[in-house]
Amino acid sequence: MTLLVAKSGNIRPSSAQRTRNDLGFRVWRYSAMPTRRHFLISFVATPIVLPRLGHAAGGSVELPLTANCGDDDDLTPAQTEGPYFTPESPEKKDFASDSPGGERMTLVGYVLTKDCQPVEKALIELWHADETGTYDNSGYKLRGHQFTDAEGKWWFETIVPGLYPGRTRHYHVKVQRPGGNVLTTQLYFADEPDNRRDRIFNADLLLDIKATSDGKFGRYDFIVA
């Protein structure tokens, strides 16, 4: 965050670093790390600007850091469901309260068609292990689903999953646009030591993760048929 102050101003933010821009104005650059809530609000409030959709009010905004749409070969890769899927999960966005001891993670993204159109009311189902690497196989802790909004956006408040033997750190996801096929896949963390040993790890499914003052913020955009 940057605050511009006129040369004659007397504002002295306590947690900022003073510099001067080319016009001689003092520029205060806040060094405090943003929060997950800050990133989420920015994500939700940003007008969607995608290839072939023109420009929204306020100028263009770069969208994907993960998959590229516009290419028939760039559908999000499918992966195995794994042994711990439970059907009929509840509709919810807050997983974090299921595991209050875990490190917080906000997951966000879009669901898009391969020609870059946002998908409204696409199903997003998420399930994963808790911070100890344990799945709830008798209930619905850290399990649930939601539907994308009119711009194809989705988000969950959850935790960073723990590790269990034989796998790297990951989330399980199912995605289905209305009337479309179900995409079953997994999302991964960069720089995990077990990535290179995991037999199904796919670098195309890496989350774009930012550290914040109260946990992590991860982004992935699904491209579906």
Fill in the blank from the handout: Sorted by chain and number, sequence neighbours left out, side chain to side chain contact (heavy atoms under 4.5 Å, CB included) with Asn202 holds for Pro77, Gln79, Asp204, Leu205
Problem - Euclidean distance, Arg219 CZ relative to Leu206 CG, rounded to 0.5 Å - result: 15.0 Å
Practice task
Kindly say whether Leu126 contributes a backbone atom to a donor-acceptor pair with the side chain of His172 at under 3.5 angstrom?
Solution key: no
Practice task
Could you pull out all residues at least two apart from Lys216 that satisfy side chain to side chain contact (heavy atoms under 4.5 Å, CB included)?
Solution key: Glu103, Met105, Val160, Ile209
Practice task
Mark yes when over 12 heavy atoms from residues, nucleotides or ligands other than Arg37 sit less than 6.0 Å from its CZ; otherwise mark no.
Solution key: no
Completion exercise
Those residues at least two apart in sequence (or on a different chain) that pass ring pair (Phe, Tyr, Trp, His ring centres under 6.0 Å) with Phe217 are Phe39
Completion exercise
Those residues at least two apart in sequence (or on a different chain) that pass side-chain hydrogen bond (donor to acceptor under 3.5 Å, both in side chains) with Thr132 are Asp130, Thr134
Exercise for the section: Only counting residues at least two apart or in another chain, list the ones meeting salt bridge (charged side-chain N to carboxylate O under 4.0 Å, His left out) with Arg177. Expected result: none
Completion exercise
For Lys92, the side-chain hydrogen bond (donor to acceptor under 3.5 Å, both in side chains) test, sequence neighbours excluded, returns Asp98
Practice task
Say whether, by atom type as modelled, one donor and one acceptor occur between the side chain of Thr76 and the main chain of Ile223 under 3.5 angstrom.
Solution key: yes
Practice task
Please write out which residues are connected to Phe147 in a hydrophobic cluster, directly or through intermediates, given that two of Ile, Leu, Val, Met, Phe, Trp, Tyr count as joined at side-chain heavy-atom separations below 4.5 angstrom.
Solution key: Leu123
Completion exercise
Between the NZ atom in Lys153 and the CG atom in Leu40, the distance rounded to the nearest 0.5 Å is 9.5 Å
Exercise for the section: Name all residues meeting the salt bridge (charged side-chain N to carboxylate O under 4.0 Å, His left out) criterion together with Asp149; count only those two or more places apart in sequence or in a different chain, and write none if there are none. Expected result: none
Problem - Flag, side chain of Asn195 to backbone of Ala190, donor-acceptor distance under 3.5 Å - result: no
Exercise for the section: Kindly write out the residues that satisfy side-chain hydrogen bond (donor to acceptor under 3.5 Å, both in side chains) with Thr158, not counting sequence neighbours, or none if the list is empty. Expected result: His128
Completion exercise
So CG of Leu183 and NZ of Lys174: to nearest 0.5 Å the spacing works out to 9.0 Å
Handout entry: ILVMFWY cluster membership beyond Phe85 - transitive side-chain contacts under 4.5 angstrom
Key = Tyr84, Trp127, Tyr135, Tyr164
Problem - Centroid separation Phe189 to Tyr171 less than 6.0 Å - result: yes
Completion exercise
Sequence neighbours excluded, the answer for salt bridge (charged side-chain N to carboxylate O under 4.0 Å, His left out) partners of Glu131 is none
Fill in the blank from the handout: What one should report as the nearest heavy-atom pair of Pro118 and Gly152 is CB-N, 4.1 Å
Problem - For Asp136, salt bridge (charged side-chain N to carboxylate O under 4.0 Å, His left out) partners two or more places apart - result: none
Exercise for the section: Step through the shown structure and confirm whether more than 12 heavy atoms of other residues, nucleotides or ligands are within 6.0 Å of CD on Glu91. Expected result: yes
